[in-house]
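Take a look at the structure set out below.
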Amino acid sequence: INGKVFSSQLEWEPIGNQEQDFAMDPPQPVHSDILIARLRPGQEIDAEVHCHKGVNHGDRGHAKWSPVATAWYRLLPRIDLLDDIKG
């Protein structure tokens, strides 16, 4: 099990006619070696990623103004009871 998740592991799932529209040049990361996360044993990522094509010019067009810190997580502990509880 590899504990590192790289941008090359992202999978594109076409919607509607996108598969035909982008047949010659499907969307993919610009760099395939970007480390997205490091996981410990038993951890997993369930993510939905959206991208928008932009021209990156004008006021606030630079990547430094991108809201990249809008990530969140929720702990979902798993508790297994090994014996019956009485009382």
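For reference, positions follow the sequence shown, starting with 1. As the structure is a prediction and not an experimental result, all values here were calculated from the model. What you see below is based on every heavy atom in this structure, not just the backbone, and it leaves out hydrogens, waters and symmetry mates.
Not counting sequence neighbours, Gln43 has no partner by the side chain to side chain donor-acceptor pair (under 3.5 Å) test. Listed by chain and residue number, Arg78 satisfy the salt bridge (Lys or Arg N to Asp or Glu O under 4.0 Å) test with Asp80 (two or more places apart in sequence, or in another chain). Checked against side chain to side chain contact (heavy atoms under 4.5 Å, CB included), Ile85 has the following partners two or more places apart in sequence or in another chain: Leu81.
Leu82 forms part of no hydrophobic cluster, judged by ILVMFWY side-chain heavy-atom separations under 4.5 Å.
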Residues 11-40 side chain polar contacts: donor-acceptor under 3.5 Å, at least two apart:
residue, atom, partner, partner atom, Å
Gln18, OE1, Ile15, N, 2.9

